[in-house]
Amino acid sequence: MTLYYEKHGDVAVLAADNPPVNALGQAVRGGLQDGLLRAIGEGALAVLILGRGRTWFAGADIREFGKPRVAPFLPDVCNRIEASPIPVIAAIHGTALGGGLEVALSCHYRLAVPGAKLGLPEVSLGIIPGAGGTQRLPRLTGYEEAIAMISGGRPIPASKALALGLVDRIEEGDPMELGLQYARELLARNAPTRPVSALPPPAPVDFEAAKAQVTRKARGQLSPVAAVDAIAASARMPFFDGLAEERRIFRELMETDQREGLIHAFFAERQVAKLPELNDVSPRPLDMIGVIGGGTMGAGIATAALLARLRVTLVEIDTDALDSARKRIAGNLSGALRRGKISQSHHDEVLSDALSLATGYDALTDADVIIEAVFEDMAIKKQVFAKLEAIAKPGAVLASNTSYLDIDEIAASTSRAPDVIGLHFFSPAHVMRLLEVVVGHQSAADVTATGFALGKRLGKVSVRSGVCDGFIGNRILFAYRTCADHMVLDGASPYQIDRALEAFGFPMGPFAVADLAGLDIGWANRKRLAPDRDPRERVPRYADQLCEGGHFGQKTGRGYYIHDGRTRQENPDVLPLIEAERADLGLSPRAFTDDEITRRYMAAMVNEAARVVEEGIARRPLDVDMVLLMGYGFPRYHGGPLKWADMQGLPGLLEDIHRFAEADDFFWQPSDLLMKLVAQGRVFDDLNKEQTP
Ligand code: 3H9
């Protein structure tokens with residue numbers, strides 16, 4: 001039973017019970033429709049709609065998307081609720097999202113409990129509201145707010161919903177009791193039905209200007225822009241014509257790769273922490289976190305833990321360094337306060353009680369998890385772990401935040417290898433949502449589970465990675481960055497490459513990203529890898545020359561670009577360096593189209609990603625997708641590199657790689673997994689499905 005019908009005097013209660021989120025699957029829709037008819041048939045005077053469990057309806061059942069549609073359809077259910085001859089009341093708790101809010105908008109009266117959240121997040125799934133949301137919401141809130149809510153997709157708290165007229169009242173208590181009381185009050189004053197569709201559309205706004213603004217922000221994503229079109233229809237058409245227009249746009253978006261990519265990302269985000277090796281494994285305690293190193297990374301990790309209300313002890317080498325670390329953390333926390341992420345009292349409490357700073361490792365004897373974020377050098381890391389071994393309590397998890405180095409080698413330098421793990425945060429660590437949990441060959445299962453539990457506590461998306469140089473993300477980055485360097489040597493400019501990839505949907509192209517991260521990082525890495533480099537590798541010199549000139553990107557104001565605040569301009573010194581290098585190498589530059597740039601860059605990314613899966617470094621293709629989406633700016637609406645590859649067609653990609661290999665068969669070696677999938681006529685997503693627990 002997914003929808004309960006109960007009679008409470010004159011009021012019929014329809015209560016959904018479809019855990020976990022009361023999604024509006026076929027049975028729930030059918031139950032709502034039948035319950036309404038039954039209530040009217042039995043002579044009820046009002047209907048109250050509720051969600052049992054943790055929430056009101058969180059939306060249409062996304063699992064039904066892409067399958068044959070089964071009646072009754074949600075728009076019809078909503079229209080029937082609105083057309084009811086007796087008042088229908090929504091009592092909202094938890095989340096009223098998407099189709100869930102559309103059901104509420106079809107009710108005649110709405111009450112919410114204080115913690116409720118309301119929203120139309122469909123654009124984040126690549127679609128728009130399809131059951132009247134774009135036509136009913138503006139009639140209550142006006143166009144400006146409706147455009148913000150629908151094109152932005154972010155839910156709003158009940159208090160804001162009240163201010164906007166989206167709910168009629170907020171009351172603390174049990175939604176069923178509150179709803180029944182509200183229904184009786186309405187009956188006592190003979191309150192009429194109150195269809196939102198009968199309201200006139202609000203005063204129109206400049207929809208073209210609104211659309212232009214949304215287009216700029218959407219960076220190639222279709223749904224937020226299409227949402228403005230659907231909302232605008234409500235200003236020029238009668239209600240039911242507007243509904244038909246909304247439906248037309250909804251259906252069109254349903255057929256797009258963007259919808260498929262975004263829904264893949266939605267489920268992958270929830271799938272990524274589900275690993276058979278963690279079934280029935282309990283994490284170790286994680287109340288007290290130790291952080292070694294108070295630079296940008298260490299301070300960011302400490303901030304992330306403090307924001308999650310964990311106790312933190314940070315260790316630095318001397319009082320000056322501690323002072324700088326304290327300032328960094330305080331700066332991060334006041335940023336969080338400014339952005340409304342924490343309250344003033346949480347902010348003050350954290351600084352006065354939850355954070356301790358010390359210069360000696362002895363302060364870490366009580367820590368449950370100790371994360372080192374010291375300089376990226378194996379010898380230094382080993383010294384740190386030797387000291388940790390001496391002071392950490394038995395069972396403490398010893399973690400390294402290294403972004404490249406071999407966790408197994410670090411673990412082997414202690415006698416506690418099973419306690420050692422990599423926790424690779426991304427900078428700024430209190431903002432970026434990705435955490436790579438790097439599992440060494442000897443890491444204990446409950447240590448891995450603790451890594452995931454910590455990630456969850458910090459609100460991160462944690463991805464399991466095996467050990468290799470650069471783990472999942474930086475290893476793949478290295479491959480596509482190398483491809484970009486080759487294209488520069490062969491004739492493309494860094495600026496054309498950045499423009500082409502920004503048009504693909506990345507917020508920044510690879511050269512702008514390098515400037516942001518600091519060119520010295522790549523420089524150090526090239527030096528580290530130089531001794532073992534294969535002579536066939538093509539490594540450009542011009543990037544080193546920029547660094548030798550003291551130009552490290554944004555932090556020095558000059559790199560590939562000249563930076564002035566948030567604006568960037570091409571650095572005129574860069575192209576001459578590149579031209580000189582091409583001349584030295586005897587290369588005559590050729591023209592690249594933007595399309596070729598994107599195809600090569602993506603082929604390099606997909607090929608390396610496939611190898612990462614083939615070698616078991618990532619357990620599933622979706623793990624790679626999450627890493628690139630969460631940590632590397634990959635456009636979410638393409639679903640991640642391997643989902644994108646599936647949608648493009650793997651045979652075409654493999655053909656590209658074979659063709660590129662004709663000129664450079666050292667770099668362009670197709671992955672065995674990619675070749676196998678093509679030969680079998682399968683796609684990466686088939687591997688995700690095979691491994692879904
Ligand atoms: C829509 O409504 C279209 C209409 O306009 C028009 C129709 C004609 N369906 O996130 P959690 C699953 S589009 C199916 O971990 P939380 C989820 O996969 C929809 N399943 O919990 C997970 O499963 P599992 C608009 C869903 O507490 C489990 O529920 N609505 C759906 O962190 C728990 O989810 C949205 O976009 C769904 N709609 O967050 C809302 N939602 O345990 C999407 C969740 O097997 N949902 N599941 O991994 C959310 O934003 C969050 O799930 C929510 C709860 C905030 C509700």
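This chain uses plain numbering: 1 for the first residue, then up along the sequence. Quantities reported herein were computed from a predicted structural model and do not represent experimental measurements. Whatever order the structure lists ligands and atoms in, that order sets their numbers, starting from 1.
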Looking at Q271, R270, K117, the heavy atom closest to atom 11 (P) of ligand 1 belongs to R270

In terms of residue, atom name and distance, what is the protein heavy atom nearest to [atom]?
| atom | answer |
| --- | --- |
| atom 6 (C) of ligand 1 | G130 N, 3.5 Å |
| atom 5 (O) of ligand 1 | E122 OE2, 2.5 Å |
| atom 12 (C) of ligand 1 | R63 NH1, 4.2 Å |
| atom 56 (C) of ligand 1 | A58 CB, 3.5 Å |
| atom 1 (C) of ligand 1 | A60 CB, 3.4 Å |
| atom 24 (P) of ligand 1 | K274 NZ, 3.3 Å |
| atom 32 (O) of ligand 1 | R54 NH2, 4.6 Å |
| atom 9 (N) of ligand 1 | I62 N, 2.9 Å |

Q | Close N or O approach (A23, ligand 1; < 3.5 Å) | A | no

Once you restrict to heavy atoms under 4.0 Å, what part of [X] touches ligand 1? Side chain, backbone, both or neither.
| X | answer |
| --- | --- |
| L125 | side chain |
| V21 | side chain |
| M254 | neither |

**Request:** Mind telling me whether F426 and H424 have parallel, tilted or perpendicular rings, with 30° and 60° as the class edges?
**Result:** tilted

So for atom CZ, which belongs to R169, do other residues, nucleotides or ligands contribute more than 12 heavy atoms lying within a distance under 6.0 Å?
yes

Problem set entry | Atom CD of E64 with >12 non-hydrogen neighbours under 6.0 angstrom | yes

Across all chains, not counting sequence neighbours, the salt bridge (charged side-chain N to carboxylate O under 4.0 Å, His left out) partners of R54 are none

Residues passing the salt bridge (charged side-chain N to carboxylate O under 4.0 Å, His left out) test with R619, sequence neighbours excluded, are E277

Can you tell me if F73 has a non-hydrogen atom under 4.0 Å from ligand 1? no

